[in-house]
Asks: 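Once you've had a glance at the structure underneath, I'll fire off some questions.
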Amino acid sequence: MHLLFHSRHFGKEIIAKQLDLSKENPSVEILYQKMYKNFVEALDGIDNGISQYPQDIAPKYEEKTGLAARVGRLNPWWNQTDVDIDSRFEQAMELAGKEFIDRLRFLGLAWLPARDLVVKALDTRFEIHNSGQILILDSPCPWKEHLFEIEKEKAIEDKPLYVLFPDGRDESYRIQAVPVSPNSFESRRPLPESWRGYRDSELSERSQIEGCVFVHHSGFIGGNKTKDGALQMAIKALEL
Ligand SMILES: *[C@@H]1O[C@H](CO)[C@@H](O)[C@H](O)[C@H]1NC(C)=O
Ligand SMILES: CC(=O)N[C@H]1CO[C@H](CO)[C@@H](O)[C@@H]1O
């Protein structure tokens with residue numbers, strides 16, 4: 001299956017067909033690149049025994065539930081002799097094919113549309129705060145990679161530091177510090193140290209902002225019971 005995907009032509013054809021898009025739609029190219037990075041490259045790397053990390057540091061735990069491991073487990077055991085290899089191969093194709101389509105559908109129908117929310121938040125950021133460094137998303141969504149991409153495309157200099165979005169369960173909002181890179185745990189500017197690890201009234205007292213819910217001990221995320229409260233937290237964090 002990934003051999004097929006390696007050919008740009010077939011890869012894009014599969015994507016366009018699965019998502020009912022025309023092959024000329026620019027989304028197809030973005031999804032092709034993304035599927036390549038997220039799916040094909042990883043499978044190939046594992047297949048070829050390439051380490052995920054350049055220096056061979058010993059992993060803290062083993063991960064044996066990934067697709068490559070599950071496909072690998074379809075091989076007969078050392079002492080299994082009565083196995084129909086052809087049917088195992090079919091099972092492997094079915095497994096990889098289903099994962100491939102699931103991944104593609106998520107990327108095409110959820111990940112990529114989230115980009116519009118990030119674009120909107122960037123377009124309106126100066127209406128939120130004159131620093132332009134606070135973004136408000138209409139919904140919680142996968143925003144990090146999009147933000148980094150768009151920042152690069154538009155050569156944005158005053159880079160956003162905090163992203164606010166509704167919690168989704170009630171009126172409360174989350175405030176998240178933008179990481180230094182999409183998968184990093186390090187923030188461009190973590191929430192203030194004096195808030196970290198505190199909750200509720202104790203946190204509200206320390207921050208002098210009502211309705212605070214929590215700030216994670218590493219300062220990468222926090223919450224307030226309202227949008228305005230979360231915005232106050234972001235503004236204060238910028239000023240501190
Ligand atoms: C594999 O070998 C062990 C030891 O001889 C035996 O106990 C076990 O049942 C075997 N498994 C199969 C699937 O034949
Ligand atoms: C500053 C601010 O608006 N904080 C709000 C946080 O959430 C609580 C609970 O809803 C509100 O009472 C606060 O006003």
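Just so you know, these numbers come straight off a predicted model, no measurement behind them. Each ligand, and each atom within it, is numbered from 1 in the order the structure gives.
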Asks: To which of Asn79, Thr81, Val83 does the heavy atom nearest atom 2 (O) of ligand 1 belong?
Replies: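 It is Asn79 whose heavy atom sits nearest to atom 2 (O) of ligand 1.
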Asks: Taking Glu171 first and then Lys225, would you say they form a salt bridge - that is, a charged N and a carboxylate O separated by under 4.0 Å?
Replies: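 No, this pair does not count.
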Asks: Please list, one pair per line, the donor and acceptor atoms closer than 3.5 Å that link side chains of residues 152-167 to other protein atoms, with sequence neighbours excluded.
Replies:
| residue | atom | partner | partner atom | Å |
| --- | --- | --- | --- | --- |
| Glu153 | OE1 | Arg115 | NH2 | 2.9 |
| Glu153 | OE2 | Arg115 | NH2 | 3.4 |
| Asp158 | OD1 | Arg125 | NH2 | 3.3 |
| Tyr162 | OH | Arg189 | O | 3.0 |
| Tyr162 | OH | Pro190 | O | 3.4 |
| Asp167 | OD1 | Arg169 | NE | 3.0 |
| Asp167 | OD1 | Arg169 | NH2 | 3.0 |
| Asp167 | OD2 | Arg169 | NH2 | 3.1 |
| Asp167 | OD2 | Ser172 | OG | 3.4 |
| Asp167 | OD2 | Arg174 | NE | 3.3 |

Asks: Please report whether atom 14 (O) of ligand 1 has a protein non-hydrogen atom at a separation of less than 4.0 Å.
Replies: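 Looking at atom 14 (O) of ligand 1, one finds that a protein heavy atom does lie closer than 4.0 Å.
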Asks: Using 4.0 Å as the upper bound for N to carboxylate O, is an ion pair formed by Asp116 and Lys120?
Replies: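 Answer for the salt bridge query: no.
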Asks: Under 4.0 Å from atom 7 (O) of ligand 1, can you find at least one protein heavy atom?
Replies: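 So atom 7 (O) of ligand 1 lacks protein heavy-atom neighbours under 4.0 Å.
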Asks: Do Phe220 and Phe185 make the cut of ring centroids closer than 6.0 angstrom?
Replies: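 Aromatic pair excluded; centres sit 6.0 Å or further apart.
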